[in-house]
Amino acid sequence: MAEPFYITTPIYYVNDVPHIGHAYTSLACDAFARFQRLDGKDVRLLTGTDEHGQKVEKAAHDRGEDPQAYTDRVSGRFRHLADAMGFAHDDFIRTTEPRHKDAVQALWRRLVERGEIYLGKYAGWYAVRDEAFYAEDEIQDGRAIASGAPVAWVEEPSYFFRLSAWGGRLLAFYETNPSFVGPESRFNEVRRFVEGGLNDLSVSRTTFGWGVHVPDDPDHVVYVWLDALTNYISALGYPDEGGLYARFWPADVHVVGKDILRFHAVYWPAFLMAAGLEPPKRVFAHGWWTNEGRKISKSLGNVIDPFALVAEFGLDPTRYFLLREVPFGNDGDYSRDAMVRRTNSDLANDYGNLAQRSLSMIAKNLGGAVPEPGPFTEGDDALLARAADLPDEVRRHMAVQAPHLALEAIWAVIADANRYVDAQAPWKLRKTDPARMATVLYVLAETVRNLAILTQPFMPGGSAKLLDQLAVPDDARGFDRLGAAGRLKPGTPLPAPRGVFPRFVEAPAGEGA
RNA sequence: GGCGGAGUAGCUCAGUCGGUAGAGCAGGGGAAUCAUAAUCCCUGUGUCGGGGGUUCAAGUCCCUCCUCCGCUACCA
């Protein structure tokens, strides 16, 4: 049976309008998932929406809408994003679904049974607008310094999770799982945070009602993080610990934005260990995008709309750019220049043109069928060997969420292949040594086949078109067909080649704005 | 404030156990003409943030200063 691979995006807060950050997280997960699928794993990719909390309750109320009707409506925006970006998730969890609420309550009961949750009292300065408590030194003149939101002294009964008791065990867990958090620098921050000592965590609220009710105490609603994080196992059928849960838990990796790393790397493993469940294997935190060098903010009005990006540049270029331009884990800058450069230079010139020049020579000179190769020369073998060595290198990078390095490695072979074309000059061989020309073109077609199989997780559209043009059947596109196992059959008729990664040309300026 | 990270070619960055620096892109020159005017080759004398120190030798270790960034608990 295939090895399981479970990967998750965070669940997105349904009140948000989908932006580049959501698209980026999901896109990376989609690429990782596609990669593992092609590599023969039994993959499960989960995404979804977080639909509870005071803000949602208020937003619905302001619109005179029932909260459930409201979330039903707005959670659709995230499904549309998934469709537009071509995300191939296996499940979409919503925290308002019965299966999720059941799981949260089951987990809660288990934590209570184990003495990990107790009833106490939460008191502090609370800002309704921010849905947050503030410390004395964070407020001034009755307002939160950071946000300016008015605060009021609030005391409410609250259930607490004994997080303070888990510091030592978390550190021990980090110690024995040195790859638990990536990138490494983030792991250091997490360790430092835990070493500083942990307080018990308030895990219920009585100030609003839109959430999962605490079992046997319906005045309380389970606080956001205990609710939200549980999605990763509720989607696997928890509390049923057989079935999907048995197969896919613990998750291979939770991919998150850097802003929510702590919840995933500290609270979540603590919750799970406290419940006697296994923590995930790894959490990877990626960075944020800036726009033309400037921080993205709603007030600046410079948000990057993923739908618009795809509409203008196309899905493959958008995916390629986001995964290639910046080391995954770092912050990155989007610029139109860089986007056009990657589209034209990398995709159209290097990759697309390599395929096009190879395939069109086959079409024009060899009757549009896979050439019959003669004996391979050293140069032929060298290029084929480069392609054959690629999968392991790419695997190494993808295993640690480094798609930029994976792509860089692939492009190194693309560059080799272009050099090979120039060195062999098949257009000259056409007159001097047609048999040799056929061999060269065979080596090229075979190299493009390997490249196209490997680029499927990143650019599913163009890669599929390339494989179509090489007449590679749908069931022969997995990584098990890389290298010698899947060699093209000489004589196989090929469809007429067409460019798959077109250059981006700016629309002529002048009219309109 | 505390803790951590970073400051290397115009831009983005690599630089393992210390031996006077590299890649990609951009720029300049040339070749070729199969191809999406794409490709290939050649071309980088940079005070390696400033200062001091250790060493035969430091971008690479130590000290110090400057600048930038991240984390510093219950908003996704």
Side-chain angles (χ1 to χ4, degrees), chain A residues 10-16 21-22 49-56 122 124 127 129-135 144 146-147 149 158 160-161 163-164 183-186 188-203 205 223-226 228 256-263 266-267 287 325-327 330-333 335 337-338 341-342 344-365 404 408 411-412 414-415 417-430 437 440-441 444 497-505:
Chain A
I11 46 175
Y12 302 119
Y13 202 54
V14 80
N15 242 23
D16 290 342
H22 302 113
T49 42
D50 179 7
E51 312 191 351
H52 288 139
Q54 196 167 22
K55 284 185 188 171
V56 171
Y122 199 99
R129 202 173 85 193
D130 298 339
E131 231 179 288
F133 280 90
Y134 290 95
S147 67
S158 170
F160 283 84
F161 171 71
L163 184 63
S164 61
E184 193 61 40
S185 59
R186 295 284 167 202
N188 291 335
E189 288 176 4
V190 168
R191 283 201 199 87
R192 215 62 74 175
F193 176 80
V194 175
E195 283 166 4
L198 298 170
N199 297 327
D200 286 351
L201 189 69
S202 168
V203 287
R205 286 286 184 276
Y223 188 53
V224 284
W225 281 108
L226 183 51
V256 301
K258 62 183 183 180
D259 57 327
I260 56 173
L261 174 62
R262 190 200 312 138
F263 306 103
V266 179
Y267 301 170
E325 181 70 4
V326 167
N330 290 8
D331 286 348
D333 182 47
S335 78
D337 270 3
R341 202 180 316 123
R342 300 243 80 127
N344 289 348
S345 178
D346 295 9
L347 283 179
N349 298 354
D350 291 345
Y351 189 23
N353 186 52
L354 168 68
Q356 184 65 12
R357 67 199 302 208
S358 304
L359 291 170
S360 76
M361 276 187 279
I362 291 174
K364 287 178 185 166
N365 303 309
H404 59 294
E408 195 175 285
W411 253 256
I414 290 173
N418 271 320
R419 272 188 284 276
Y420 172 87
V421 182
D422 282 281
Q424 301 297 329
W427 50 92
K428 285 180 185 160
L429 294 171
R430 182 178 48 160
M437 176 191 72
V440 167
L441 293 178
L444 281 169
R498 288 195 329 261
V500 296
F501 297 114
R503 290 180 63 79
F504 177 82
V505 181

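Every value quoted in this text rests on a predicted model; they were computed, and no experiment measured them. We name chains A, B, ... by the order of the sequence lines, and we start the count at 1 in each one.
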Listed pairs, N/O of protein and of nucleotides 3-13 of chain B, under 3.5 Å:
| residue | atom | partner | partner atom | Å |
| --- | --- | --- | --- | --- |
| B:C3 | O2' | A:R192 | NE | 3.4 |

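- Across the P atoms, B:C41 and B:C48 are found 31 Å apart, a figure rounded to whole Å.
- The separation of B:C56 from B:G19, taken at their C1' atoms, amounts to 10 Å, rounded to a whole angstrom.
- The aromatic rings of A:H22 and A:Y12 stand perpendicular to each other, their planes meeting at an angle above 60°, with 30° marking the opposite boundary.
- One C1' atom belongs to B:C34, the other to B:A14, and the distance between them is 35 Å to the nearest Å.
- Side-chain atoms of A:Y122 come within donor-acceptor range of the base of B:C74, with a qualifying N/O pair under 3.5 Å.
- B:G51 and B:U47 have their C1' atoms separated by 13 Å, with the value rounded to a whole Å.
- The C1' atoms of B:G29 and B:A35 are separated by 24 Å, rounded to the nearest whole Å.
- Taking atom C1' in both B:U67 and B:G49, the straight-line distance is 8 Å, to the nearest Å.
- Contacts of A:I11 with the nucleic acid, taken as non-hydrogen atoms under 4.0 Å apart, involve only primed sugar atoms and P, OP1 or OP2.
- Look at CG on A:D259: it is 9 Å from P on B:C71, rounded to the nearest Å.
- In summary, A:R192 and A:E189 do not engage in a salt bridge, as defined by a charged side-chain N under 4.0 Å from a carboxylate O.
- B:A73 atom C1' lies 19 Å from atom CZ of A:R191, rounded to whole Å.
- What separates CD1 of A:I260 from P of B:C71 is a distance of 13 Å, to the nearest Å.
- Base pairing annotation: B:G59 forms no Watson-Crick or G-U wobble pair, as no partner gives both donor-acceptor distances under 3.5 Å.
- For the atom pair OH of A:Y351 and CG of A:L354, the computed distance is 8.5 Å after rounding to the nearest 0.5 Å.
- Looking only at distances, no side-chain donor or acceptor of A:D50 sits under 3.5 Å from a matching main-chain atom of A:I11.
- Going from atom CH2 of A:W225 over to atom P of B:C74 covers 13 Å, rounded to whole Å.
- Candidate nucleotides B:C40, B:C75, B:A73 were compared by shortest atom distance to the side chain of A:R419, and B:C40 ranks first.
- Summarising the geometry, the separation between NE2 on A:H52 and P on B:C74 is reported as 23 Å, rounded to the nearest angstrom.
- Nucleotide B:G70 forms a pair with B:C3, judged by Watson-Crick or G-U wobble geometry with both contacts under 3.5 Å.
- Under the 3.5 Å distance criterion, the side-chain polar atoms of A:Y420 are left unmatched by any main-chain donor or acceptor of A:A415.
- With sequence neighbours excluded, the residues that form a side chain to side chain contact (heavy atoms under 4.5 Å, CB included) with A:V500 are A:K465, A:L466, A:Q469.
- The P atoms of B:C13 and B:G52 are separated by 29 Å, rounded to the nearest whole Å.
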Whether each nucleotide of nucleotides 26-37 of chain B has a protein heavy atom under 4.0 Å at its base (B), only at its sugar-phosphate (S) or at neither (-) is summarised, 5' to 3', as ------SSBBB-

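- The interatomic distance linking A:F263 (CZ) with B:C74 (C1') rounds to 7 Å, in whole Å.
- For the P atom pair drawn from B:C17 and B:A73, the interatomic distance equals 35 Å after rounding to whole Å.
- Considering only heavy atoms from C-beta on, A:N353 stays 4.5 Å or farther from A:F501 through its side chain.
- The pairing partner recorded for B:A23 is B:U12, the criterion being a Watson-Crick or G-U wobble arrangement whose two distances lie under 3.5 angstrom.
- To the nearest 0.5 Å, atom CG of residue A:N365 and atom CG of residue A:L441 are 7.0 Å apart.
- Rounded to whole Å, atom C1' of B:C40 lies 16 Å from atom CD1 of A:I414.
- Out of B:A73, B:C74, B:C40, the shortest distance to the side chain of A:N199 is found at B:A73.
- Within 4.0 Å (heavy atoms only), A:G287 reaches no atom of the nucleic acid at all.
- A:D200 places a side-chain N or O within donor-acceptor distance of the main-chain N or O of A:S164, the cut-off being under 3.5 Å.
- Annotation: the span from A:N15 atom CG to A:E51 atom CD amounts to 10.5 Å, rounded to 0.5 Å.
- Residue A:K55 places its side chain closer to B:C75 than to any other of B:C75, B:A76, B:C40.
- Atom CG of A:D50 is separated from atom P of B:C74 by 18 Å (rounded to the nearest Å).
- A cation-pi contact links A:R205 to A:Y122, judged by a cut-off of 6.0 Å to the six-membered ring centre and 45° from its axis.
- A:D350 comes within 4.0 angstrom of the backbone, heavy atoms only, and of no base.
- When Watson-Crick and G-U wobble pairs are counted only if both distances are under 3.5 Å, B:A37 pairs with no nucleotide at all.
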